[in-house]
Protein chains: 2
Amino acid sequence: MPRLGMEPIRKAALIKAAIEEIGASSTLDVTVSQIARRAGVSSALAHHYFGSKEEILLAAMRDVLTQYGLEIRAALLGLEDPAQRLRVILQTSFGPQNFRREVISAWLTFWVMARAVPKARRLLTIYERRLQSNLLFCLRPLTGARATELADATGALIDGVYLRTALSGDLPDGEAAVALIESMIFAR
Amino acid sequence: MPRLGMEPIRKAALIKAAIEEIGASSTLDVTVSQIARRAGVSSALAHHYFGSKEEILLAAMRDVLTQYGLEIRAALLGLEDPAQRLRVILQTSFGPQNFRREVISAWLTFWVMARAVPKARRLLTIYERRLQSNLLFCLRPLTGARATELADATGALIDGVYLRTALSGDLPDGEAAVALIESMIFAR
DNA sequence: ATCTTTATTGACTCGTCAATCAACAAAAAA
DNA sequence: TTTTTTGTTGATTGACGAGTCAATAAAGAT
């Protein structure tokens, strides 16, 4: 049955399957076989295209990050007002595309992975820097000197909300998350 | 060499070793043998006293949580002023006893574990509830109606700071963490 | 029509690790 | 002194899982 040009199709399917499998499994130790089965191929094929389990997970990570980056760039396009931009950043971060059970679980996996795998750490660092820079850009006009600290704290708060959602059984509520964070930034 | 009354000594040593090993290992998958070796005993003995790896980790978790609970209870004793109590909660959470590399790594392990192991989840839930209740008690007089939301957010922020510290290579700075969180709570 | 490239998998290797067991040592109880 | 209880380990079992490989098949190239 081998049609040609399968590689990108299989890779995409495997990445999707990896994220789904991470979301479905309660443990973080998903196996290549599970991922492959979900993608409808053999585990040997997964190794054939990605070389290793680590690379599959990294590819999944890149996919999540890229998706998020594209979405936020598009949403931010043309917006000038800092408060509006901030809201957009939060709404994207907790929007239906990113604040889904599978993706949230994937984040937990990535965090753990980043401790041991330099490539993963690097990806995460890039993402964190970009977020920090985006936040700073919004917060500087709004909060002046405290902006740096606030941007740091906001980043940590976002991670914290993701983490808690990953642990709690109930389904993610993006709107509540955004409200929570905004209420903390704009205290009183 | 068998002196009697070894059980509590061995258990304590194994718990200590487990936490240290989690802190020392970059991956979260520490093995029973590693823990046992660090405690100076065979892996068979670890199984003998704890029954399973899971129980070792749970015992370590209980230890961390108990330690934290005792410390915070002692620090809070007699303090009435809400702002002061809040500061004490934060200073304990990020104090030298709890905000150490090993303990922070242990938290990451516990979070991951709590997704799969009901006993771990239950422990974590108890801890979260207690923290939430403590925070609420301080924040109600300070912030009125927004207290509930703020307590939630503060909990998430604490977790987020722990998480980020677990990922970043550099050594934990408790004072900075407290300052960050207080500055966010008492925004102006 | 043959050769090469791409797609695909079942079977296998190899390592790791949790858990068990049989055995040994010494203290305490009988 | 024998027996039981407590402490302890080396060796083993059994499972699982990442990664490899040889083999098969079809598409395209020569």
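In what follows, chains are A, B, ... by sequence order, proteins preceding strands, each numbered from 1.
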Check: A:Phe99 ring centroid to A:Trp107 ring centroid under 6.0 Å: no
Short side-chain to backbone donor-acceptor contact, A:Arg140 and A:Phe137, under 3.5 Å: no
May I ask whether B:Leu131 and B:Ile126 are part of the same hydrophobic cluster, defined by side-chain heavy atoms of I, L, V, M, F, W, Y residues being less than 4.5 angstrom apart, directly or through others? no
Could you check which residues of residues 9-21 of chain B get a heavy atom under 4.0 Å from DNA chain C? Sort them by number, please. none
How long is the line joining CZ of B:Phe50 and P of D:dG7, in whole Å? 13 Å
Without decimals, in angstroms, what is the distance between A:Ile56 CD1 and D:dA18 P? 9 Å
At under 4.0 Å between heavy atoms, which parts of nucleotides 17-23 of chain C does protein reach? Answer with one letter per nucleotide, 5' to 3': B base, S sugar-phosphate only, - none. SSBBB--
Taking CG from B:Leu45 and P from D:dG10, how many angstroms apart are they, rounded to a whole number? 11 Å
Is the shortest distance from a Lys or Arg side-chain nitrogen in A:Arg85 or A:Glu80 to a carboxylate oxygen in the other one below 4.0 Å? no
Reckon A:Tyr49 touches a base, only the sugar-phosphate, or nothing at all at heavy-atom distances under 4.0 Å? sugar-phosphate
Using a 3.5 Å cut-off and no angle test, enumerate the donor-acceptor pairs between side-chain atoms of residues 57-77 of chain B and protein atoms at least two apart in sequence or in another chain.
residue	atom	partner	partner atom	Å
B:Thr66	OG1	B:Arg62	O	2.6
B:Tyr68	OH	B:Ser93	OG	2.8
B:Glu71	OE1	B:Asn98	ND2	3.2

Could you tell me whether A:Lys119 and A:Glu55 have a side-chain N and a carboxylate O separated by less than 4.0 Å? yes
Taken to the nearest whole Å, CG/A:Leu4 to P/D:dG28 is 5 Å
Side chains of A:Ser42 and A:Arg37: is there a donor and an acceptor less than 3.5 Å apart? no
Rounded distance (Å) that lies between atom P of D:dA18 and atom CZ of A:Arg37: 11 Å
Checking C:dT8, D:dG7, D:dT9 against the side chain of B:Met6 (C-beta onward), the nearest is D:dG7
Which word best sums up how the rings of B:Tyr162 and B:Phe94 line up, parallel for under 30°, tilted for 30 to 60°, or perpendicular for over 60°? tilted
